[in-house]
Amino acid sequence: MSWELLLWLLALCALILPLVQLLRFLRADADLTLLWAEWQGRRPEWELTDMVVWVTGASSGIGEELAFQLSKLGVSLVLSARRAQELERVKRRCLENGNLKEKDILVLPLDLTDTSSHEAATKAVLQEFGKIDILVNNGGRTQRSLVLETNLDVFKELINLNYIGTVSLTKCVLPHMIERKQGKIVTVNSIAGIASVSLSSGYCASKHALRGFFNALHSELGQYPGITFCNVYPGPVQSDIVKNAFTEEVTKSMRNNIDQSYKMPTSRCVRLMLISMANDLKEVWISDHPVLLGAYIWQYMPTWAAWLNCKLGKERIQNFKNNLDPDLPYKFLKAKKD
């Protein structure tokens with residue numbers, strides 16, 4: 001092969017590779033590192049079996065689906081949330097898979113805001129199973145209200161639940177993992193923890209706080225390579241999170257007629273989470289476009305992203321005031337993409 005032909009081939013590869021990556025990105029529903037792990041990485045069915053997994057926020061949405069898919073892998077499950085009756089329903093659903101027995105699932109009601117109960121809860125898990133291999137910090141609530149109309153108590157509740165509660169439970173579990181020199185801490189954050197949006201200021205603040213905390217904690221525990229951290233950033237996913245959102249008052253409920261059809265199916269989001277856990281990925285973004293594209297713009301072009309966010313924010317706020325779905329701009333853009 002002549003040098004001239006070799007140079008031509010290299011030049012052709014240099015042109016084709018960016019085009020292939022662009023096409024992959026346009027079809028992506030997660031960051032490209034995660035999608036590569038899905039294609040070539042370790043399988044959850046190989047890596048996560050026989051583990052003890054504690055899932056908070058397990059009574060609905062991502063937490064429920066995560067428990068269901070984990071039950072197929074033959075793990076021991078700890079299901080925590082405030083609603084004991086819903087946890088029992090999730091337990092029954094997991095047992096119907098046939099891979100787990102009654103003794104393999106512990107229903108452990110837990111209020112993340114009651115930090116005084118977290119140490120006793122941790123001891124209860126260790127007494128039942130003898131170890132905690134994976135803690136999935138999934139519990140939390142979102143918000144739909146304007147800053148100027150929102151009572152300060154709402155912001156306090158969001159910080160206490162989403163941030164302080166998660167930090168407290170993590171601190172209770174970590175000494176056990178440090179003693180064993182192994183374990184996984186998986187935290188379900190949000191794309192809103194990267195790219196803030198209007199009507200969710202308190203929620204965004206709590207998720208940004210989680211990102212900073214776990215990045216700092218990861219650096220502090222560098223001497224324990226067996227303890228890994230995975231921060232998961234989902235975009236819009238089919239769940240009850242918006243239906244259960246805080247509004248301008250702590251006691252005021254959201255309306256219930258919210259369309260979920262355009263959002264990512266919960267089963268797909270959870271499958272990608274399991275792949276992230278199996279491959280010890282540190283940070284993963286899980287979302288369809290245009291929200292996924294927005295995360296990349298926030299990461300690499302923040303000034304332009306802020307301008308774009310203001311443009312979309314005006315429409316979100318107007319829809320909200322007209323009792324429409326605030327996410328209609330994203331719904332329309334996704335429909336155009338599809």
Side-chain angles (χ1 to χ4, degrees), residues 43-114 117-118 120-142 161 165-166 169 173 184 186-188 232 234 237-245 253-254 256 258 260-261 263-278 286:
R43 304 291 89 190
E45 293 78 7
W46 307 338
E47 302 294 326
L48 303 180
T49 57
D50 300 322
M51 289 191 173
V52 175
V53 186
W54 188 359
V55 182
T56 67
S59 59
S60 64
I62 289 175
E64 176 181 349
E65 181 64 24
L66 181 61
F68 180 66
Q69 292 195 27
L70 282 167
S71 69
K72 297 179 180 180
L73 305 181
V75 305
S76 296
L77 279 172
V78 182
L79 306 178
S80 287
R82 290 179 298 175
R83 298 176 295 172
Q85 186 174 352
E86 287 300 300
L87 291 175
E88 292 291 346
R89 178 187 60 80
V90 175
K91 177 181 178 179
R92 290 193 299 271
R93 184 187 175 202
C94 292
L95 290 173
E96 287 169 2
N97 277 331
N99 293 333
L100 297 183
K101 298 180 180 179
E102 187 86 21
K103 65 179 180 61
D104 298 320
I105 303 178
L106 172 64
V107 168
L108 184 65
L110 182 73
D111 184 350
L112 281 175
T113 62
D114 182 11
S117 69
H118 295 178
T122 303
K123 290 179 179 178
V125 175
L126 293 175
Q127 184 175 357
E128 182 74 16
F129 294 119
K131 63 175 183 173
I132 301 170
D133 293 299
I134 304 176
L135 171 65
V136 182
N137 291 311
N138 174 67
R141 288 179 70 179
T142 188
L161 174 59
T166 297
L169 190 61
V173 171
K184 299 179 189 286
V186 180
T187 302
V188 181
V232 180
V237 174
Q238 295 174 8
S239 72
D240 290 338
I241 189 169
V242 176
K243 185 177 73 174
N244 296 324
S253 302
M254 274 284 292
N256 293 332
I258 298 170
Q260 299 270 346
S261 61
K263 298 180 180 181
M264 176 182 285
T266 315
S267 57
R268 173 59 177 167
C269 176
V270 167
R271 177 60 187 177
L272 290 171
M273 286 177 58
L274 292 176
I275 291 168
S276 307
M277 294 157 62
I286 301 173

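When a residue number appears, it is its place in the shown sequence, counting from 1. For clarity, every value in this text was computed on a predicted model and none was experimentally measured.
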Flag the pair Arg89 and Glu96 as a salt bridge only when some basic side-chain nitrogen lies within less than 4.0 angstrom of an acidic carboxylate oxygen. no
Report yes if the side chains of Glu45 and Leu73 come closer than 4.5 Å at any heavy-atom pair, otherwise no. yes
Arg271 vs Pro44 side-chain heavy atoms within contact, under 4.5 Å: yes
With sequence neighbours left out, write down each residue that passes side-chain contact (heavy atoms from CB on, under 4.5 Å) with Arg141, or none if nothing qualifies. Arg82, Leu161, Phe246
Between Glu102 and Lys91 (salt bridge meaning N to carboxylate O under 4.0 Å), is one present in this structure? yes
Rounded to the nearest 0.5 Å, what's the gap from CG on Leu77 to CG on Leu70? Could you check? 5.5 Å
Apply the test side-chain contact (heavy atoms from CB on, under 4.5 Å) to residues Leu112 and His118: give CA-CA distance (whole Å), side-chain angles for both, the deciding distance (0.1 Å), then the verdict. CA-CA 8 Å; Leu112 281 175; His118 295 178; 4.3 Å; yes
Would you find a donor on one side and an acceptor on the other, under 3.5 Å apart, between the side chain of Asp104 and the backbone of Ser76? no
The residue among Ile286, Ile62, Val188, Val270 that forms side chain to side chain contact (heavy atoms under 4.5 Å, CB included) with Val237 is Ile62
Applying side-chain contact (heavy atoms from CB on, under 4.5 Å), run through Met273 and Asn138 and close with a yes or a no. CA-CA 12 Å; Met273 286 177 58; Asn138 174 67; 5.7 Å; no
About how many Å separate CG of Leu110 and CG of Leu87, when rounded to the nearest 0.5 Å? 9.5 Å
If you take all heavy atoms of Leu108 and Ser80, which pair is closest and at what distance? O-OG, 2.7 Å
Quick one, Arg93 with Glu65, criterion salt bridge (charged side-chain N to carboxylate O under 4.0 Å, His left out). Give me CA distance, side-chain angles, the key distance, then yes/no. CA-CA 10 Å; Arg93 184 187 175 202; Glu65 181 64 24; 3.4 Å; yes
Between Leu106 and Ala124, what is the shortest heavy-atom contact and its length? CD2-O, 4.4 Å
Test item: Asp133 side-chain N/O and Val53 main-chain N/O as donor-acceptor pair under 3.5 Å: no
Which value, rounded to the nearest 0.5 Å, describes the distance between Cys269 atom SG and Lys263 atom NZ? 12.0 Å
Just wondering, do Leu48 and Ile134 contact through their side chains at under 4.5 Å, heavy atoms? yes
Check the pair Leu66, Leu274 against side-chain contact (heavy atoms from CB on, under 4.5 Å), reporting the backbone distance first and the verdict last. CA-CA 8 Å; Leu66 181 61; Leu274 292 176; 3.7 Å; yes
Would you call Thr122 and Ile132 a side-chain contact if the rule is heavy atoms closer than 4.5 Å? yes
For the residue pair Asn97 / Ser71, report whether a side-chain donor-acceptor contact shorter than 3.5 Å exists. yes
Kindly indicate whether the side chain of Phe68, heavy atoms from C-beta on, has any atom under 4.5 Å from the side chain of Thr266. no
What closest approach, in Å, do Asp240 and Ser60 show between heavy atoms, and which atom pair accounts for it? OD2-CB, 4.0 Å
NZ (Lys72) and CG (Leu100) are apart, to the nearest 0.5 Å, by 12.0 Å
Should the heavy atoms of other residues, nucleotides or ligands under 6.0 Å from NZ of Lys123 be counted, would the total exceed 12? no
Between Lys184 and Met277, which heavy-atom pair has the shortest distance, and what is it? NZ-O, 3.3 Å
Nearest heavy-atom contact between Ile105 and Cys94 is CD1-CB, 3.7 Å
Taking all heavy atoms of Gly61 and all of Ser239, pick out the closest pair and write down the distance. CA-CB, 3.8 Å
